[in-house]
Protein chains: 2
Amino acid sequence: MALTVSQVARLAKVSVRALHHYDEIGLLRPSERSEAGYRLYTQADLQRLQQVLFFRELGFPLEEIRRILGDPSFDLRSALLMQRQLLSERSARLDALLGAVDAALDALEKGTSMDQEKMFEAFGDFDPTKYEAEVKERWGDTEAYKESARRTARYTKQDWQRMKAELDRIQKELAELLGAGRAPTEAAAMDLAEAWRQHISQWFYPCSYVMHRGLAEMYVGDSRFTESIDRVRPGLARFTRDAIIANAERHGE
Amino acid sequence: MALTVSQVARLAKVSVRALHHYDEIGLLRPSERSEAGYRLYTQADLQRLQQVLFFRELGFPLEEIRRILGDPSFDLRSALLMQRQLLSERSARLDALLGAVDAALDALEKGTSMDQEKMFEAFGDFDPTKYEAEVKERWGDTEAYKESARRTARYTKQDWQRMKAELDRIQKELAELLGAGRAPTEAAAMDLAEAWRQHISQWFYPCSYVMHRGLAEMYVGDSRFTESIDRVRPGLARFTRDAIIANAERHGE
DNA sequence: TGTAGGGTCTCACGTCGCGTGAGGGTCAAG
DNA sequence: CTTGACCCTCACGCGACGTGAGACCCTACA
C-alpha cells in the first residue's frame, strides 16, 4: 500500500533528493517509516504532494507552500480554485510571449526595429501570488479570500488582460502625478487611490478603507511590492501609499 | 540614445543586479561605458537582451544561452522560430495542468480518490530543449536543425500531444521488453529503435542511422537524458542505446 | 564651494532548491 | 554468502541572482 521514495519519485516525476529535501524542511513528511528507516508514503501523502507540486509549479517558494498547507484554515477546494486561476493567468502570459515572438519575427521580415517598450512588455510579471497570498496572510479575512478565489476562478484570459490594463492605467496616472511634483494629498491623487480600491473591490473582493490602508503599508513595507511598483517609476510605492492613506482619511477612516 | 542600467532594467523588467550578472558572465555586455564607468546599452544590446530573456523564459541555463547567441551560425529567425515552438509546447503543458486541477476538483466534489498516475501525469517534463539544443551542438548539422525548427514552428498543441504520445508508446514498449528479459539485439527491440528513428525523421528532421547512433550514445552519456528515460524504467536508457546500435548495424551502419 | 538626492560602480556574503557523491545499511533472490 | 537494487544520513557545490557595504558620479540648488 505505502510507497517507497523511488516509487513516489517515479510516479510524481520528482527526484528522490527532492523528496528528502521536502521531508527535511517539513513540507512533506512520509506518514510512515519501515523498521529499516525507509520512508513510506500513503495516499494522503500523495495528495499533499500533488498540492505541493501545483504550488511549486506556480512559483511559490517551498517555505510558503509549507505555511499555506499547514494553515488550519487551509481548504483544498479553495486552493484548487486559486491554482486554477493562477494557471489561467500563466496561460495569458504565454500568449503574450507568443505575441512578442511573432512581433519580433514580423519586424525581422520587414527589416524594421521593434519599439523598445513592445520588445519587453510580455516579460513583466503580473503575479497575483504576491497579491493573494499576502492578503490572505496579512488580513486573515478568509471570507474575502474565498470571495476573491470564487470570482477569479471564472475569469477568462480577456478578463485578466482587462484587469491588468486597468491597474496599469491607474499606476501610470499616479506616476504622472508624482512626476509633475503633485502631492499625494491632492484630490487627483486621492481619486486614483479610490480608483485602486474600487478596482480591488470589483475584481477581487470588497475592500474597505481599513483594508486598503493595510495594503498600502504593505506596498512600502514589503520589498517585493515596492520593487514592482517602483519599476513603473521610482518612488511610486511611497507616493501611492500616501495617497491611499489620504484617501482613507478623506472618508473618515 | 544609449540607456543606463536602471533604464534598461525598468524597460526590460529585470533587476540591475541581473544586468550586472549578465555583463559579468559575458552574456550581455553593454556596448559602451561612460567616462565614469557607467554601463551604456544600445538598441542592439536591447535586441540581444530580448533574446536572452526569451531563452531564459524557456528555461535555458544562462551559460547555454551565451553559447547559443555566440555561435557564428546563430540565426535570429531560426531562434525566434524555435522559441515560438517551445512556447507552444509550454502552452500545451499548461493546458494539461489545468486539466489536472479540474480532475482534482472533480474528484473532490464526488468524494472519490484520484488515480495515482493521473494525479501526477501533468507534472512530467517533456522538454525539447534537451533534444534540440543538444542535437544542434553535437551534430552541427545546421540544415537538420533548421529543418526541425521549420517543421515544429507550425505544430499545434494537438500535434505536440500526438508526438509525445507516440514517443511515450515507443518508450513504454521498450520498457516492457526490458522487463520481460528480452535482449536489445532481438528483432522486437530493434524494430522499436527503428520506430524511434522514424519518429524523429517524421517529427523533426531526417535522421540517418549514423545520427541515430550518436543520439543513442547521448542517451547514456548525458545524465539528463539517462535520468529522463530511466524514469520510465530503470536501465531503459542503456537498453535503448543498445537497441539503437543494433538496429543501425542491422542496416549496415 | 558644499550639500542633497538620485544614480553608478565593484566586492562579497547569503539564499533557495536541489544535484552529486560518499559511506554504510537493507532486502530479496540465487 | 554474494549480488544487485534500494534505502539512509551527511555534506559540499552549483546557478542565478538578492542584498548590503563603501565609494564615486551627476545635477540642481543654496
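Just so you know, these numbers come straight off a predicted model, no measurement behind them.
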Arg39(B) and Asp45(B): CA distance, side-chain angles, deciding distance, salt bridge (Lys or Arg N to Asp or Glu O under 4.0 Å) verdict: CA-CA 11 Å; Arg39(B) 293 172 173 81; Asp45(B) 294 334; over 6 Å; no
Side-chain donor/acceptor contact of Tyr38(A) with base of dC6(D) under 3.5 Å: yes
Side-chain N or O of Tyr22(A) closer than 4.0 Å to phosphate OP1/OP2 of dC18(C): yes
side-chain N/O Ser34(B) vs dC25(D) OP1/OP2, d < 4.0 Å: no
Euclidean distance, atom OH of residue Tyr41(A) to atom P of dC8(D) [Å, nearest integer]: 7 Å
base_contact_polar (dT8(C) base, Arg39(B) side chain, donor-acceptor, <3.5 Å): no
Arg56(B) vs dC17(D): side-chain N/O to OP1/OP2 distance below 4.0 Å: yes
Short side-chain N/O contact to dT9(D) OP1/OP2 from His20(A), under 4.0 Å: no
Thr4(B) vs dG7(C): side-chain N/O to OP1/OP2 distance below 4.0 Å: no
Residue mapping more 5' on DNA chain C - nearest nucleotide basis, Arg33(B) or Ala36(A): Arg33(B)
Length of the line joining Arg66(A):CZ and dG17(C):P, which is rounded to integer Å: 12 Å
Sidechain-backbone polar pair: Gln50(A) side chain, Met119(B) backbone, donor-acceptor under 3.5 Å: yes
Under-4.0 Å side-chain N/O to phosphate OP1/OP2 contact, Arg17(B) with dC13(C): no
Distance, rounded to the nearest Å, where Glu35(A) contributes CD and dG25(C) contributes P: 18 Å
Nearest to side-chain heavy atoms of Ala18(B), which nucleotide of dG17(C), dC17(D), dT9(D): dC17(D)
Interatomic distance where CG belongs to Asp23(A) and C1' belongs to dT9(D) [whole Å]: 11 Å
Flag if over 12 foreign heavy atoms under 6.0 Å of CD, Glu24(A): yes
Nucleotide dT8(C), atom P - distance to CD of Gln7(B) in whole Å: 8 Å
Distance test, side-chain N/O of Ser15(B) to OP1/OP2 of dG18(D), below 4.0 Å: yes
Options dC27(C), dT19(D), dT8(C), nucleotide nearest the side-chain atoms of Ser6(B): dT8(C)
From dC18(C), dC7(D), dA16(D), nucleotide with atom closest to Val5(A) side chain: dC7(D)
Length of the line joining Arg29(A):CZ and dC8(D):P, which is rounded to integer Å: 14 Å
